[in-house]
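Since this is a predicted model, take the numbers as computed values, not measurements.
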Amino acid sequence: MTKPKLILDVDTGSDDAVALALAMLGGEAELLGITTVNGNLELKLTTDNTLRVVDLCGMGDRVPVYPGCEYPLVSTLNPRSAQSMRPIPKREGTSAGKFGMHSDHLPLPATDLAPQKQAASVWMIETVMAAQPQTITLVALGPLTNVAAAMRVQPQFAQRLRRIVLMGGADETGNETAAAEFNIWADPEAAEILLQSGVPITMIPLDATHQAFLSEEQAEQIDAIGTPLARFIAQLLRDRIAGYAKRDPEMAAKKIAPLHDALALCYALHPECIRRSVETVCHVDLGGGAAYGRTVLDRRANMVQEKPNCTFALEPDREFFCDWLIGILQKAAEKNG
Ligand code: RIB
Ligand code: CA
């Protein structure tokens, strides 16, 4: 069976790091390249962290990393926008930053690996246009600036993709604000460009990722695998459990944390990891007020005029997801002796 061809767009970031490592070590996909974007941290840090993970996985000669956009498309230019005072979302200014979820540098050695010279969106366009139509899946795990820019520059880009799987959105409750999930909030206009593009999109929102949590016991199980990569992931998971404990009493009591981006990657490779989803019309609130960046699902049944523009995941198969994640780390350890 041929492996699915993937491009990963990331803002590494602790949960991005886990997704990246699983994509590289799982061997389930042909990873064409990685693109980085401003998001959890400023671009130079998300790029450096990405290169550190690539180095840890020993993939420096196989997986190129292309740095992308340093700023959201327009949101920081709008004086009415909640983001106008914050040209680049800074770690200390975002909710994840306040709870210590993404440190500037991942706890990995500095790397000599260098990013590619070509800009992320330009490389994405060249790669997708050169491939057979509808053969490449784009897995977007950060704000959607790079992808939206590619769509605007090359109008054929969207229709040449097989599909987009993105971690983002929230129906029930946001994380960055009461209404909005971080990846969509960080560049709402970019997200709306994707949702209007006509490309098949699956959104893996907080509604799904919060149910696909990992526990402290699982952190120990991962640690016990004993490879540098497993130890690193166990440490990230423990840090996230500590971070979530500060913001969510329920997660604090259970000592658990989600690894949002890893669930989105899992879905791209194993759609059965999502048990329940809805085909829906979804748009992003661009009004600049309290709901700015919110993903608004149209649930009015027969009154909806538009065709559904995305599949919105609602419930994961947590056991499948956890077994998949831990299984990859175990197999990688066995392979290396
Ligand atoms: O809301 C979760 C998303 O924002 C994830 O992609 C994570 O990396 C983050 O910062
Ligand atoms: Ca991310």
Side-chain angles (χ1 to χ4, degrees), residues 73-75 78 80-82 133-134 136-141 143-144 147-148 150-152 155-212 258 260 263-318 320-321:
L73 291 186
V74 298
S75 57
N78 179 352
R80 288 181 295 117
S81 150
Q134 283 108 42
I136 296 178
T137 296
L138 208 157
V139 182
L141 305 177
L144 296 154
V147 187
M151 286 180 175
R152 282 297 193 245
Q156 308 299 312
F157 178 76
Q159 69 195 60
R160 298 281 295 218
L161 285 170
R162 179 169 166 233
R163 62 177 174 152
I164 293 176
V165 175
L166 68 89
M167 190 285 130
D171 190 34
E172 201 173 294
T173 181
N175 57 1
E176 187 56 36
T177 69
E181 180 280 328
F182 177 79
N183 285 343
I184 308 296
W185 171 88
D187 198 340
E189 290 79 9
E192 181 59 20
I193 287 174
L194 266 68
L195 286 163
Q196 292 189 18
S197 70
V199 68
I201 295 178
T202 299
M203 298 181 85
I204 308 296
L206 297 179
D207 309 70
T209 61
H210 281 169
Q211 298 176 64
H260 313 281
L263 182 65
L265 174 74
C266 184
Y267 175 86
L269 300 167
H270 302 283
E272 65 270 33
C273 76
I274 296 297
R275 273 199 186 128
R276 196 164 58 88
S277 57
V278 58
E279 305 286 308
T280 186
V281 172
C282 175
H283 290 291
V284 180
D285 186 302
L286 302 178
Y292 189 48
R294 176 167 180 76
T295 44
V296 181
L297 306 192
D298 198 336
R299 293 238 167 99
R300 292 173 300 157
N302 296 341
M303 290 167 71
V304 181
Q305 304 282 322
E306 281 175 68
K307 283 203 189 125
N309 59 351
C310 82
T311 301
F312 196 92
L314 293 173
E315 187 191 326
D317 182 336
R318 176 175 172 258
F320 180 100
F321 169 64

Val139 and Arg163, any side-chain heavy atoms less than 4.5 Å apart:
no

Check against side-chain contact (heavy atoms from CB on, under 4.5 Å), Ser197 and Phe157
CA-CA 9 Å; Ser197 70; Phe157 178 76; over 6 Å; no

Can you check whether Cys282's main-chain N or O pairs, donor with acceptor, with Thr280's side chain at less than 3.5 Å?
no

Looking only at heavy atoms, what is the nearest atom pair of Ala148 and Leu194, with distance?
N-CD1, 3.8 Å

Apply ring pair (Phe, Tyr, Trp, His ring centres under 6.0 Å) to His210 and list each qualifying residue two or more places apart in sequence or on a separate chain.
His260

Reported CD-to-OG distance for the pair Glu315 and Ser277, which is rounded to 0.5 angstrom:
10.0 Å

I need the Asn175 CG to Thr209 OG1 distance, nearest 0.5 Å.
8.0 Å

Tell me whether Asp187 contacts the main-chain N or O of Leu144 through its side chain, where contact means a donor paired with an acceptor under 3.5 Å.
no

Kindly give the heavy-atom pair with the smallest separation between Gly287 and Tyr292, and that separation in Å.
N-CD1, 4.0 Å

I'd like to check the salt bridge (Lys or Arg N to Asp or Glu O under 4.0 Å) partners of Asp207; sequence neighbours left out, ordered by chain and number.
none

Looking at Val284, is its backbone amide N or carbonyl O close enough to the side chain of Glu192 to form a donor-acceptor pair, meaning the two atoms are under 3.5 Å apart?
yes

Approximate separation, where rounding is to 0.5 Å, of Phe321 CZ and Leu265 CG
9.0 Å

When rounded to the nearest 0.5 angstrom, what is the spacing between NE2 in His283 and OG1 in Thr295?
12.0 Å

Would you confirm whether Gln211, through its side chain, and Leu314, through its main-chain N or O, come within 3.5 Å as a donor-acceptor pair?
yes

Backbone of Asp285 reached by a side-chain donor or acceptor of Arg294 within 3.5 Å:
no

Taking it one step at a time, do Val199 and Met151 satisfy side-chain contact (heavy atoms from CB on, under 4.5 Å)?
CA-CA 10 Å; Val199 68; Met151 286 180 175; 4.0 Å; yes

Would Met167 and Asn183 satisfy side-chain contact (heavy atoms from CB on, under 4.5 Å), going step by step from the backbone distance to the final call?
CA-CA 7 Å; Met167 190 285 130; Asn183 285 343; 3.6 Å; yes

Specify the closest pair of heavy atoms between Gly168 and Ile184, including all atoms of both residues, with the distance to one decimal.
C-CG1, 4.0 Å

So does Gln305 get a backbone contact from the side chain of Arg300, meaning a donor-acceptor N/O pair under 3.5 Å?
no

So which heavy atom on Leu206 is nearest to which on Ala170, and how close?
CD1-CB, 4.0 Å

Closest approach of Ala291 and Ala179, non-hydrogen atoms and distance?
CA-CB, 3.7 Å

The reported gap from OG1 in Thr311 to CD1 in Ile204 (rounded to nearest 0.5 angstrom) is 9.0 Å

Output for pair (Phe320 CZ, Glu272 CD), nearest 0.5 Å, gives 4.0 Å

Note: Cys310 and Met203 closest approach over all heavy atoms is SG-SD, 3.9 Å

Between Ile274 and Leu263, is a side-chain contact (heavy atoms from CB on, under 4.5 Å) present by the stated rule, with each step listed?
CA-CA 9 Å; Ile274 296 297; Leu263 182 65; 4.3 Å; yes

